A.B. asks: 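My structure is below; once you've seen it, I'll send some questions.
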Protein chains: 2
Amino acid sequence: MEYEEMKDACPCQEVHTDLLDRVRAEMPDETSLYEAAELFRLFGDSTRIRILSVLSCAEVCVCDLSQTLNMTPSAISHQLKLLRQGKLVKCRREGKSIFYSLADDHVRTIIRQGLEHVEE
Amino acid sequence: MEYEEMKDACPCQEVHTDLLDRVRAEMPDETSLYEAAELFRLFGDSTRIRILSVLSCAEVCVCDLSQTLNMTPSAISHQLKLLRQGKLVKCRREGKSIFYSLADDHVRTIIRQGLEHVEE
DNA sequence: ACAACAATTGAACAAACGTTCAAATGTATT
DNA sequence: AATACATTTGAACGTTTGTTCAATTGTTGT
């Protein structure tokens, strides 16, 4: 009811109704977009993208990450947990150390894409 | 001093020094990574990615966005401001309305990439 | 000049976030 | 069993974030 009134109140509505219908038809479903946002959110923090960037080069242990990025193992570990949950990285234990690597090549691609966009 | 001790305390260091040197050499510079993170952060919110997704289909006014996404013009406008600052969208005025569109094709590409990754 | 409308803005607020710290877990060494 | 070390975990903290609300700006029509 309210919504209908709002619709009428906006002159745009009259003009752009078919446009919006087309947009609605073409749009990816809400769930996919929500998941894509969740994915990008993981890349959207400098600590996490630096971790992923290191893992783009090599498989390394938490200790190495901690040294390379000059952050505490705890801070790194918390972020690794998020990256693991998001299926962006995988890990394997070797003695006391745990080695992390990218879960798949998509991750590398996405980072490259982002870097390409900013380096212009 | 403390840092040196930490270094010695970690057996990894001895083992992976050359690896880490190689990683450091290959890594993009801090600034690029930071900017890439900032870019991805913009895609990492469901409201913003939905806005961008609409703009991938068509140039629309704030009013249209507000209706399509079922959110207040104010909320939309706040997010559009961030997208404008990040150079992801551009706008032009036409009478009382302001029409938004994607700033360039990269944006479309990045969204597509993200969607591809989640739809698997 | 005034009313109507599209859009923007700033302050306020709750929710989500990232790091720190202390404690815990798991593995190898003695 | 006990120690040492790599990593993880949970609680706490200050900071950032997204939305709401009320007020404002800019444009059109009367």
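Quick caveat, the model's predicted, so the values are computed rather than measured. Lettering of chains follows the sequences in order, A, B, ..., and the numbering in each one begins at 1.
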A.B. asks: Kindly write out the residues that satisfy ring pair (Phe, Tyr, Trp, His ring centres under 6.0 Å) with B:Y100, not counting sequence neighbours, or none if the list is empty.
C.D. replies: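 Partners of B:Y100 under the ring pair (Phe, Tyr, Trp, His ring centres under 6.0 Å) test: none.
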
A.B. asks: Could you check how far CG of A:L80 sits from P of C:dC17, rounded to whole Å?
C.D. replies: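 Taking atom P of C:dC17 as the reference, CG of A:L80 is at 17 Å.
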
A.B. asks: Got a sec, which pairs hit ring-ring contact (aromatic ring centres under 6.0 Å, His included) with one end in residues 78-97 of chain A, sequence neighbours left out?
C.D. replies: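 Counting only pairs at least two positions apart or across chains, no ring-ring contact (aromatic ring centres under 6.0 Å, His included) contact touches residues 78-97 of chain A.
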
A.B. asks: Can you tell me how far P of C:dC17 sits from CD of B:E38, to the nearest Å?
C.D. replies: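 Nearest whole value for this atom pair: 18 Å.
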
A.B. asks: Looking only at the side chain of A:C63 (C-beta and beyond, no hydrogens), which of the listed nucleotides C:dA6, D:dA6, D:dT8 gets closest?
C.D. replies: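 Between C:dA6, D:dA6, D:dT8, the one nearest the side chain of A:C63 would be D:dA6.
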
A.B. asks: Find the distance A:F40:CZ to C:dC17:C1' and express it as a whole number of Å.
C.D. replies: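 In whole Å, C:dC17 C1' and A:F40 CZ are 20 Å from each other.
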
A.B. asks: Donor-acceptor pairs are to be reported for all side-chain atoms of residues 49-58 of chain B against protein atoms at under 3.5 Å, with residues two or more places apart or in another chain.
C.D. replies:
| residue | atom | partner | partner atom | Å |
| --- | --- | --- | --- | --- |
| B:S56 | OG | B:L52 | O | 3.0 |

A.B. asks: Specify the separation, in whole Å, of atom NZ of A:K96 and atom C1' of D:dA6.
C.D. replies: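 In whole Å, D:dA6 C1' and A:K96 NZ are 7 Å from each other.
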
A.B. asks: Rounded to whole angstrom units, what separation is found between the CD1 atom of A:I98 and the C1' atom of D:dT9?
C.D. replies: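 Rounding to the nearest Å, CD1 of A:I98 and C1' of D:dT9 are 13 Å apart.
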
A.B. asks: Quick one: A:E94 CD to D:dA6 C1', roughly how many Å, whole number?
C.D. replies: 13 Å

A.B. asks: What string of B, S and - do you get for nucleotides 16-21 of chain D 5' to 3' if you count protein non-hydrogen atoms under 4.0 Å?
C.D. replies: -SSBBB

A.B. asks: What distance do A:L69 atom CG and A:Q79 atom CD have between them, rounded to the nearest 0.5 Å?
C.D. replies: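 Those atoms lie 11.0 Å apart.
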
A.B. asks: Check this one for me: any side-chain N or O of B:Y100 less than 4.0 Å away from OP1 or OP2 of C:dA6?
C.D. replies: no

A.B. asks: Would you kindly give the CZ-to-P distance between A:R93 and D:dC5, to the nearest whole Å?
C.D. replies: 16 Å

A.B. asks: Would you tell me if any nitrogen or oxygen in the side chain of A:K81 comes within less than 4.0 Å of OP1 or OP2 on D:dT9?
C.D. replies: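 So the side-chain polar atoms of A:K81 do come within 4.0 Å of the phosphate oxygens OP1 or OP2 of D:dT9, strictly under.
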
A.B. asks: Among all residues two or more places apart in sequence or in another chain, which pass the salt bridge (Lys or Arg N to Asp or Glu O under 4.0 Å) test with B:D29?
C.D. replies: none

A.B. asks: Parallel, tilted or perpendicular, judged at 30° and 60°: which one describes the rings of A:F43 and B:F40?
C.D. replies: tilted

A.B. asks: Quick one: list whatever passes salt bridge (Lys or Arg N to Asp or Glu O under 4.0 Å) with B:E59, sequence neighbours left out.
C.D. replies: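 B:E59 satisfies salt bridge (Lys or Arg N to Asp or Glu O under 4.0 Å) with B:R92 once adjacent residues are dropped.
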
A.B. asks: Specify the separation, in whole Å, of atom CD1 of A:I51 and atom P of D:dT7.
C.D. replies: 12 Å

